[in-house]
Amino acid sequence: MLIAMFEALIPWYEAHKRELPWRQDKEPYHVWLSEIMLQQTRVEAVKEYYRRFLTALPTIADLAEAPEEQILKLWEGLGYYNRVRNLQKAAQTICAEYTGVFPSEYAQIRSLSGIGDYTAGAIASICFDAPTPAVDGNVLRVYSRLLADDANIDLQTTKKRITRKLQETYPQKNPGIATQALMELGATVCVPNGAPRCDVCPVAEICQARKQDTWRNLPVRSEKKKRKIVDKTVFILLTEDTVALHKRSTSGLLAGMWEFPNVDAKLDKQAAVTQVTGWQAEPLDLLMQTSYTHIFSHVEWHMTAYYIRCRKTNKKWKWVTKESLDETYALPSAFRPFREQIENL
DNA sequence: AAGTCGGGGTC
DNA sequence: GACCCAGACTT
């Protein structure tokens with residue numbers, strides 16, 4: 001079954017594959033960067049980030065030596081910011097332990113920061129022709145439907161089993177093509193939301209979910225728990241030419257990113273002004289008030305923002321010009337609407 | 001095994 | 001509003 005799948009899949013991929021920036025070559029740095037950026041992130045979202053990142057940091061050595069502010073700025077808006085910290089940590093490991101040359105053995109690749117089973121398998125097969133499966137969400141979906149396998153794909157045991165089954169029959173010639181072909185099928189034909197395009201699927205004839213008409217129920221996943229709601233009051237503190245920023249902790253949510261000063265509570269106008277006075281920034285005028293909800297995977301921020309003209313700056317915040325905010329400081333998307341509003345004051 | 005960690009497209 | 005994306009790491 002799986003052998004027949006690969007036989008039909010490879011020629012289909014060669015005929016229908018998308019042209020993507022990271023498919024120009026098999027340079028490990030390029031493939032690696034793309035795989036990290038693509039973790040839980042759509043192809044369309046990654047394209048421009050990928051190009052910009054490589055223009056700024058063309059080599060692994062450049063990445064290893066880059067200031068943290070620069071790599072966070074390059075990742076700004078892409079999310080999961082620990083990805084880029086781990087990316088740099090791995091780059092430093094490659095420079096220190098592998099003389100700057102990306103390692104070619106699966107075990108070495110797998111041991112680098114930010115590289116798990118999926119990414120190691122992808123890089124080893126695509127860059128080094130190792131017959132190592134790369135089991136991502138696409139592959140789990142394709143496999144579940146092809147075999148009408150109703151095991152929960154969120155379970156470790158299921159992923160291990162599917163990885164093992166693929167490993168047994170993985171093509172020994174051009175395994176990197178097999179890796180990309182499986183994912184391409186999941187991304188463009190056996191799609192995650194909506195009906196799969198079985199009419200153009202190269203393996204429709206051997207698909208058990210299609211035969212049984214059970215594709216709607218596959219793959220099976222764990223139940224998701226609902227998000228917590230956090231109320232926030234955000235302070236857009238402005239002088240004549242600067243705005244106050246705060247750098248977040250280097251651990252936890254949005255680690256190391258910059259933000260507008262805020263507190264985890266819903267303050268009314270008076271309490272907000274009192275808060276700013278307590279920070280000794282001397283509030284002059286309350287210019288505007290806006291509200292905005294930002295949704296993360298596991299939490300919602302219900303934010304009320306007060307735009308306040310201040311007489312003085314304090315030592316508690318970093319007061320920066322709008323220009324340097326845009327050019328230098330990495331601001332998460334959660335705060336982006338407030339940044340835009342400043343222009344309308 | 002469950003929780004944490006972003007942001008956005010699609011239905 | 002719910003789902004989920006070329007997942008990894010921590011607890």
Side-chain angles (χ1 to χ4, degrees), chain A residues 13 17-18 20-23 30-50 72 75-87 89-90 109-126 133-142 152-160 163 176 178-188 190-196 216 219-228 248-257 259 293-301 330-337:
Chain A
Y13 174 71
K17 66 181 175 186
R18 295 167 291 178
L20 300 174
W22 44 90
R23 286 180 176 166
H30 299 167
V31 174
W32 170 37
L33 175 64
S34 73
E35 293 300 346
I36 300 300
M37 284 187 165
L38 285 162
Q39 288 169 5
Q40 296 293 288
T41 309
R42 314 221 172 227
V43 165
E44 284 309 313
V46 167
K47 286 181 178 174
E48 275 311 303
Y49 282 91
Y50 174 82
L72 284 177
W75 216 265
E76 177 187 52
L78 201 52
Y80 287 156
Y81 299 99
N82 277 330
R83 288 186 293 179
V84 74
R85 300 168 180 286
N86 286 329
L87 191 75
K89 189 175 174 187
I109 298 169
R110 177 64 179 81
S111 72
L112 294 169
S113 295
I115 297 185
D117 291 336
Y118 160 75
T119 304
I123 296 174
S125 61
I126 294 171
V135 180
D136 72 334
N138 288 313
V139 177
L140 290 169
R141 183 174 55 258
V142 168
N152 183 340
I153 63 167
D154 289 324
L155 299 182
Q156 258 185 48
T157 54
T158 304
K159 291 178 188 174
K160 292 283 189 187
T163 301
T179 292
Q180 298 182 75
L182 261 177
M183 292 191 289
E184 191 80 350
L185 187 71
T188 65
C190 201
V191 291
N193 41 13
R216 293 169 187 284
V220 173
R221 306 202 65 165
S222 300
E223 193 173 345
K224 284 166 257 321
K225 47 172 271 195
K226 61 177 187 181
R227 291 182 288 268
K228 292 177 198 164
R248 291 177 62 86
S249 154
T250 52
S251 65
L253 186 62
L254 305 173
M257 300 291 282
E259 64 184 355
T293 295
H294 187 83
I295 301 174
F296 297 94
S297 302
H298 60 295
V299 63
E300 284 186 32
W301 282 359
L331 191 74
S333 295
F335 296 97
R336 178 60 49 187

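Note on naming: letters A, B, ... go to the chains in the order of the sequence lines (proteins, then strands), and numbering restarts at 1 for each one. Because the structure is a prediction, the values reported are computed rather than measured.
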(message) Let me confirm one number: the CD1-CH2 distance from A/Ile115 to A/Trp32, rounded to the nearest 0.5 Å.
(response) 6.5 Å
(request) Rounded to the nearest angstrom, tell me the gap between atom CG in A/Asp154 and atom P in B/dG3. (result) 12 Å
(message) Under 4.0 Å from OP1 or OP2 of C/dG7: is there any side-chain N or O of A/Gln39 that close?
(response) no
(message) Can you see if the side chain of A/Ser34 gets near the phosphate of C/dA6 - specifically, an N or O under 4.0 Å from OP1 or OP2?
(response) no
(request) Give a yes/no on whether any side-chain N or O of A/Asn138 is located under 4.0 angstrom from OP1 or OP2 of C/dA6. (result) yes
(request) May I have the distance from A/Gln40 (atom CD) to C/dA8 (atom P), rounded to whole angstrom? (result) 9 Å
(message) Any base atoms under 4.0 Å from A/Leu155, or only sugar-phosphate, or nothing? Heavy atoms, all strands.
(response) nothing
(request) Starting at atom CG of A/Leu78, determine the distance to atom C1' of B/dG9, rounded to an integer number of angstrom. (result) 14 Å
(request) Verify the contact: side-chain N or O of A/Arg221 to OP1 or OP2 of C/dC5, cut-off strictly under 4.0 Å; return yes or no. (result) yes
(request) Grab the CG-P distance between A/Leu254 and B/dC5 for me, whole Å please. (result) 9 Å
(message) Reading DNA chain B from 5' onward, which residue's closest nucleotide shows up sooner: A/Arg42 or A/Gly252?
(response) A/Gly252
(request) Please state whether the phosphate of B/dT4, meaning OP1 or OP2, lies under 4.0 angstrom from any side-chain nitrogen or oxygen of A/Lys225. (result) yes
(message) What's the gap between B/dC11 and C/dA6 when it is taken at their P atoms, as a whole Å value?
(response) 14 Å
(request) Output the distance between atom OG1 (A/Thr157) and atom NZ (A/Lys160), rounded to the nearest 0.5 Å. (result) 10.5 Å
(request) Let me know the distance between NZ of A/Lys89 and C1' of C/dA8, rounded to the nearest Å. (result) 13 Å
(message) Counting only side-chain nitrogens and oxygens, does A/His294 get under 4.0 Å of the OP1 or OP2 atom of B/dG7?
(response) yes
(request) Would you confirm whether A/Arg141, through its side chain, and A/Cys190, through its main-chain N or O, come within 3.5 Å as a donor-acceptor pair? (result) yes
(request) Indicate, with a heavy-atom threshold strictly under 4.0 Å, whether A/Val43 touches base, sugar-phosphate, or nothing. (result) base
(message) Work out how far the P atom of C/dC3 is from that of B/dG3, and round it to whole angstrom.
(response) 16 Å
(message) Between C/dT11 and B/dG6, how many Å separate the two P atoms, rounded to a whole number?
(response) 15 Å
(message) Using a 4.0 Å heavy-atom cut-off, does A/Gln180 contact any base of the nucleic acid, only the sugar-phosphate backbone, or nothing at all?
(response) nothing
(message) Categorize A/Trp75 for me: base, sugar-phosphate, or nothing, with a 4.0 angstrom heavy-atom threshold over every strand shown.
(response) nothing
(request) From the options B/dT4, C/dA6, B/dC5, select the nucleotide whose nearest atom is closest to the side chain of A/Lys228. (result) B/dT4
(message) Just to be sure I understand the rule, does A/Leu20 reach a base, reach only the sugar-phosphate, or reach nothing, if contact means heavy atoms closer than 4.0 Å?
(response) base
(request) Side chain of A/Tyr81 only, please: which of B/dG9, B/dG6, C/dA6 is the nearest? (result) B/dG6
(message) Distance check needed: C/dT10 C1' versus A/Arg83 CZ, whole Å only.
(response) 17 Å
(message) Is there a side-chain contact between A/Tyr118 and A/Glu35 in this structure, where contact means two heavy atoms from C-beta onward sitting under 4.5 Å apart?
(response) yes
(message) Checking contacts here: which listed nucleotide (C/dA6, B/dG7, B/dA1) is nearest the side-chain heavy atoms of A/Ser333?
(response) B/dG7
(message) Measuring to OP1 and OP2 of C/dC3, would you say a side-chain N or O of A/Lys224 lies under 4.0 angstrom away?
(response) no
(message) Applying a 4.0 Å non-hydrogen cut-off, can you work out what A/Arg23 is touching in the nucleic acid: base, sugar-phosphate, or nothing?
(response) base
(request) Check for a donor-acceptor pair, side chain of A/Arg83 on one end and backbone N or O of A/Trp75 on the other, with a separation under 3.5 Å. (result) no
(message) Any base atoms under 4.0 Å from A/Asp117, or only sugar-phosphate, or nothing? Heavy atoms, all strands.
(response) sugar-phosphate
(message) With a 6.0 Å cut-off on the ring centroids, do A/His298 and A/Phe296 count as close?
(response) no
(message) Any salt bridge linking A/Lys17 with A/Glu184? Criterion: basic side-chain nitrogen under 4.0 Å from a carboxylate oxygen.
(response) no
(message) Measure NZ/A/Lys160 against P/B/dA1 and give the value in whole Å, please.
(response) 11 Å
(message) Under the criterion side-chain hydrogen bond (donor to acceptor under 3.5 Å, both in side chains), I'd like the reasoning laid out for A/Glu300 against A/Thr293: C-alpha separation, chi angles, the key distance, then a yes or no.
(response) CA-CA 7 Å; A/Glu300 284 186 32; A/Thr293 295; 5.5 Å; no
(message) Given B/dG7, B/dT10, C/dC9, identify the nucleotide with an atom nearest to the side chain of A/Arg110.
(response) C/dC9
(request) Quick one: label A/Thr41 by what it contacts on the DNA or RNA (base, sugar-phosphate, nothing), any heavy atom closer than 4.0 Å. (result) base
(message) So A/Ser222, base contact, sugar-phosphate only, or nothing? Heavy-atom distance under 4.0 Å.
(response) nothing
(request) Could you work out the separation of C/dC9 and B/dG8 based on their C1' atoms and round it to a whole Å? (result) 23 Å
(message) Between B/dG6 and A/Ser297, counting only base atoms on the nucleotide and side-chain atoms on the residue, is there a donor-acceptor pair under 3.5 Å?
(response) yes
(request) Select base, sugar-phosphate, or nothing to describe what A/Arg18 touches, counting heavy atoms under 4.0 Å on all strands. (result) base
(request) Answer yes or no: does a side-chain N or O of A/Tyr80 lie under 4.0 Å from OP1 or OP2 of B/dT4? (result) no
(request) Grab the CE-P distance between A/Met37 and C/dA6 for me, whole Å please. (result) 16 Å
(message) Side chain of A/His298 only, heavy atoms from C-beta on: which candidate in C/dC4, B/dG7, B/dT4 is closest?
(response) B/dT4
